[in-house]
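Data first, discussion second: the structure below is written as structure tokens.
A, B, ... follow the sequence lines: proteins, then strands. Residue 1 opens every chain. Quick caveat: nothing in here was measured; it's all calculated off a predicted structure.
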There are 2 protein chains.
Amino acid sequence: MNLKQLSQTLGLSQTTVSRALNGYPEVAEATRQRVQKAAAEYAYRPNTRAKGLATGRAMAVGHVIPVSSRHEMVNPVFADFTAGAGEIYVTHGYDMLISVVPDDAEEQAYRDLATKGSVDGIIMHGPRSTEARISLLQEIGLPFVVHGRASDETDDYDWVDVNNRRAFRRACEHLIDLGHRRIALINGLEVMDFARRRLAGYLEALQAHGIDADPALIRSDEMTEAYGYDSTRQMLARQNPPTAFLSSSVIPTLGIRRAVEEAGLRLARDISVITHDDELSYLRNGGEVPTFTAMRSSVRQAGRLCAERLIAMIRTPGGPAQNTLLEAEFIPGQSTGPAPGGATA
Amino acid sequence: MNLKQLSQTLGLSQTTVSRALNGYPEVAEATRQRVQKAAAEYAYRPNTRAKGLATGRAMAVGHVIPVSSRHEMVNPVFADFTAGAGEIYVTHGYDMLISVVPDDAEEQAYRDLATKGSVDGIIMHGPRSTEARISLLQEIGLPFVVHGRASDETDDYDWVDVNNRRAFRRACEHLIDLGHRRIALINGLEVMDFARRRLAGYLEALQAHGIDADPALIRSDEMTEAYGYDSTRQMLARQNPPTAFLSSSVIPTLGIRRAVEEAGLRLARDISVITHDDELSYLRNGGEVPTFTAMRSSVRQAGRLCAERLIAMIRTPGGPAQNTLLEAEFIPGQSTGPAPGGATA
DNA sequence: TCATTCTTCCAAAGCGCTTTGAACAGAAAC
DNA sequence: GTTTCTGTTCAAAGCGCTTTGGAAGAATGA
């Protein structure tokens, strides 16, 4: 059933039916009722493409998911972020268009989304510290929101991010307060902006307490379970092993725990661990007292916020850039305790 | 730059330019060259919506991602599946439209995708054993491919699935061959078809070797790490604990390992574990000798196959249903060994 | 030479919707 | 009674593309 048929059925013009359904005032209330009733009855849904062509809006939002061509890796955070964003889109009648793109073809992907007119706005994922994509998107002219930030970018742009620096500073200080002095950082890929900020927070905390950072205790890589395990095992094998770990994601944290337990040590008692927790739905760190002490910040919620902001930008363009900085919540768990007595200072 | 402008620039009609770009024969080769060169130069990309409206094709594929409203859970497999499918779409010029839908609103989501004309085909995820969605999709009339199967469905339809029954039968037999008699099954949610088939394979193997299944050793739930941990801990605490575990996904398997090690037992020596491995990119069970003995089947590859099949169906509709049954590969790893001597038979 | 067939191009219609500009009542104002 | 609103409806144009049905010119065949 399309508009033409519906209007013929009703004995009205397409104009009137269209206006009645889209809430324009110049339609008699009685007519509107009649139209709406018929539309519901015949399950009329306007054709997206035709509507888009006529209005110039796509009623769709694009997400470009870079897939690391080196690591063949999909960001584990992506599914939950998407779920959050999707919730919002649905309520506003927007579709979500996903482009899975090898990270060396991203530029073209953004350009195409714009020139083909398939979306009204874009969410950008996984910003590096220096991001060519931001100026690219500005040049393209589509509204966009960045999930995360690019520290080296000087222009204004819209982003939603977690206060990574503060979260890691706070977590690190918590460990220091517990008496830990040798604290390892199991970070994400170095080029990623979030990793850089977490490193900064970690270093700040150490410095504030007069502790020299030990490069041997700092790792950066794709955040897999194996990475957490390997790093931890190697560090624990040193003559001067760390007594605590700070981890960038629950996934490597599982590897940390494994290495710790395999070494015959116990979490909290021998080795403390604080992890960043994105609240990934299948890796919940929940329960009465969560397994891991954590800096918690829901990536799903971040998805919702990005989506809401983007839709607002699409509806009323031209405003000033808005930035949302979420604070991670400190969640005490069962993986932290005072530094063991004999810890070298 | 749109078609009109491009054709004016070239001094040709829109018709000719359109045909030249779309590879129709009735265009002089010289003209075609000229048009293509200009198109490249001005970075002309036809407007998707206009093209779709004219051709009646959306050049997009829909994925409906049900989000369990009870568990607020996104299938962890989804990100990698999507990445695989996305690779294929890109090469064929298709967009990917994702609808994140609470699982009680799925029917409407499918209907809307069809009537709004936003997609040419649909990929269905996470089939239950009895699936109302399949007849719904058949009624709707859009081409669709199911990732997985619905055992109770009698009609023909296109699917791509792993041979879950055989994989779990084989894995279970492997454990039996190693001398294990008390083998636990950490399965997925009971309603899911894959879980039912895995259970069937497991039971077959037991029965074939005259072993009575013990209901206390069979669990079904959402596949989280905590679920694997809790189940294992409880089972190991029994007076007659299992000596081996069969797990439906790497995520609960991590929990199994944790519970095993926490109980002071060692994998392979005291407790054997075989896991199903979807090759999730951030939970690689790799290395020279993988950590876990596994039944491996890449979900990313499944995504590619589904996408390819769907595009074929869109291009030439009306053929007979095609079914692809993938065999999981048996991967010997470090988590299996002979049943401990004193194992009760 | 003229009729016929290709080859190459084009004008215009149409996809399903929104939106502009106008028309037509009936009511209100003069 | 005429004019001016006001409220309601409609015809038609337009969004950017594809595709149908010619048409004009070149090539072919008798």
Salt bridge (Lys or Arg N to Asp or Glu O under 4.0 Å) for A:Arg149 and A:Asp161? Distances and angles first, verdict last. CA-CA 7 Å; A:Arg149 276 177 283 179; A:Asp161 197 6; 2.9 Å; yes
Could you walk me through whether B:Phe78 and B:His63 pass the ring-ring contact (aromatic ring centres under 6.0 Å, His included) test, one step at a time? CA-CA 10 Å; B:Phe78 158 64; B:His63 288 226; 7.5 Å; no
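Following rounding to the nearest Å, B:Glu26 (CD) and D:dA23 (P) show an atom-to-atom distance of 17 Å. The separation between A:Lys4 atom NZ and D:dA11 atom P is 12 Å, rounded to whole Å. Atom CZ in A:Arg32 sits roughly 13 Å away from atom C1' in D:dT9 (whole-Å rounding). One atom, CG of A:Leu3, and another, C1' of D:dA11, lie 14 Å apart when rounded to the nearest Å.
For A:His147 and A:Phe194, the ring centers are positioned 6.0 Å apart or more.
Distance alone, capped at 3.5 Å, places no donor-acceptor pair between the B:Thr316 side chain and the B:Met313 backbone.
Nucleotides of DNA chain C with any atom under 4.0 Å from a heavy atom of chain B span, from 5' to 3', C:dT8 to C:dG16.
Checking B:Tyr157 against B:Glu153 by side-chain atom types alone, no donor-acceptor pair falls below 3.5 Å. Side chain to side chain, B:Arg111 and B:Gln108 fail the donor-acceptor criterion of an N or O pair below 3.5 Å.
Contact check of residues 44-53 of chain B against DNA chain C (heavy atom, cut-off under 4.0 Å) returns B:Leu53.
Within the 4.0 angstrom heavy-atom criterion, base atoms lie near A:Thr15.
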